[in-house]
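Every value quoted in this text rests on a predicted model; they were computed, and no experiment measured them. Letters A, B, ... are given to chains in the order of the sequence lines, protein chains preceding strands, and every chain is numbered from 1. We use all heavy atoms of the structure for the numbers below, so side chains are in, but hydrogens, waters and symmetry mates are not.
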There are 2 protein chains.
Amino acid sequence: MIELFKILSNEHRIQILTWLKHPHDHFAAEDIEPEVKDYGVCMSVIQRKAGISQSTASAYLSSMVNCGLLKSVREGQWTYYKRNEEKIRELAEYIKGTL
Amino acid sequence: MIELFKILSNEHRIQILTWLKHPHDHFAAEDIEPEVKDYGVCMSVIQRKAGISQSTASAYLSSMVNCGLLKSVREGQWTYYKRNEEKIRELAEYIKGTL
DNA sequence: CTATCATATCTATATTTCCCGAAATATCAA
DNA sequence: TTGATATTTCGGGAAATATAGATATGATAG
């Protein structure tokens with residue numbers, strides 16, 4: 001849980017999380033993998049939009065996957081990221097119930 | 001909000017917050033100010049229980065007041081701390097709704 | 001007034017985080 | 001194979017944070 005809060009203590013990471021909540025409101029349609037595949041958005045697209053270096057984007061996104069906030073799928077040379085809604089719900093429950 | 005997550009990124013501070021949720025389960029009755037006064041628990045008591053230095057306790061608690069998680073009342077030489085339930089509810093709502 | 005207790009603040013140092021560029025790796029296409 | 005693109009890993013400097021000890025302030029008891 002502590003780890004989760006650390007990850008959320010950064011403007012860019014929060015932003016990425018909210019962008020991915022409604023990808024179609026924030027990314028061009030061609031930058032979002034088809035609903036059927038449910039792949040989300042790939043790193044370079046997120047990186048450009050966030051205005052951070054690729055190494056930083058990579059580190060951010062993998063830390064978000066590690067703590068369970070995001071899920072990723074590698075497809076060829078691309079890695080697609082999308083939210084893990086369950087984890088986010090869990091976090092809200094924890095704050096409401098336990099904290 | 002970012003600030004809030006930073007504050008929550010620390011084991012001791014999370015612990016203090018949960019202790020203060022049900023003070024009677026975690027502190028001696030005489031260390032809790034009367035319900036009527038609704039003052040909560042004073043710093044030195046929290047500090048001893050947390051096993052941190054006095055200066056650290058002071059910094060933790062005032063940072064928690066600053067970000068709205070706690071409320072404090074100074075009474076003579078003591079400062080009593082209690083939770084700001086509204087802020088905590090707001091946080092859960094933010095995560096559930098906006099994030 | 002003096003001593004003492006509770007708290008706040010100041011100073012200093014160790015640790016962590018932020019975030020980049022460069023290099024390495026992976027994949028695909030020609 | 002060569003080249004282009006996507007991603008990951010490595011190394012590190014700057015900035016922020018953590019946290020202790022020393023000191024200051026303020027209240028209270030004797």
For [X] and [N], give me the distance from atom [atom1] to atom [atom2], rounded to whole Å.
X       : N      : atom1 : atom2 : answer
A/Gln47 : C/dG21 : CD    : C1'   : 13 Å
A/Ile7  : C/dC18 : CD1   : C1'   : 12 Å
B/Ile46 : C/dA8  : CD1   : C1'   : 15 Å
A/Gln15 : C/dC19 : CD    : P     : 12 Å
B/Phe5  : D/dT17 : CZ    : P     : 16 Å
B/Lys6  : D/dA16 : NZ    : P     : 9 Å
A/Leu61 : D/dT9  : CG    : P     : 13 Å
B/Ile2  : C/dC18 : CD1   : P     : 10 Å

Checklist entry - Given that A/Ala59 and A/Trp78 both sit by DNA chain D, which one's nearest nucleotide is further toward the 5' end? => result A/Trp78
Please tell me if [X] has a side-chain N or O lying less than 4.0 Å from either OP1 or OP2 of [N].
X       : N      : answer
A/Asn10 : C/dC19 : yes
B/Ser53 : D/dA20 : yes
B/Tyr80 : C/dA6  : no

What's the closest nucleotide to the side chain of [X] if the choices are [options]?
X       : options               : result
A/Ser44 : C/dC19, C/dA6, D/dT7  : D/dT7
A/Cys42 : D/dT7, C/dC19, C/dT17 : D/dT7
A/Met43 : C/dC19, D/dG26, D/dT7 : D/dT7

Next on the checklist: Any base atoms under 4.0 Å from A/Thr79, or only sugar-phosphate, or nothing? Heavy atoms, all strands.
Outcome noted: sugar-phosphate
Next on the checklist: Counting the atoms with a prime plus P, OP1 and OP2 as sugar-phosphate, which does B/Arg13 contact under 4.0 Å by heavy atoms, base, sugar-phosphate, or nothing?
Outcome noted: sugar-phosphate
Next on the checklist: Pair B/Leu70, B/Leu17 - check side-chain contact (heavy atoms from CB on, under 4.5 Å), show working.
Outcome noted: CA-CA 8 Å; B/Leu70 297 182; B/Leu17 210 54; 3.7 Å; yes
Checklist entry - Would you say the base of C/dG21 and the side-chain of A/Ser55 have a donor-acceptor pair closer than 3.5 Å? => result yes
Checklist entry - Any N or O donor-acceptor pair linking the side chain of B/Gln54 to the base of C/dA8 at under 3.5 Å? => result yes
Checklist entry - Which heavy atom in B/Ile7 sits nearest to a heavy atom in B/Met64, and how many Å separate them? => result CG2-CG, 3.7 Å
Checklist entry - Is the closest side-chain heavy-atom distance between A/Ile95 and A/Leu91 below 4.5 Å? => result yes
Checklist entry - If we only count heavy atoms from C-beta on, is the A/Lys49 to A/Ile46 side-chain gap below 4.5 Å? => result no
Next on the checklist: Hydrophobic cluster membership, with links at side-chain heavy-atom distances under 4.5 Å among I/L/V/M/F/W/Y: are A/Val65 and A/Ile52 in one?
Outcome noted: no
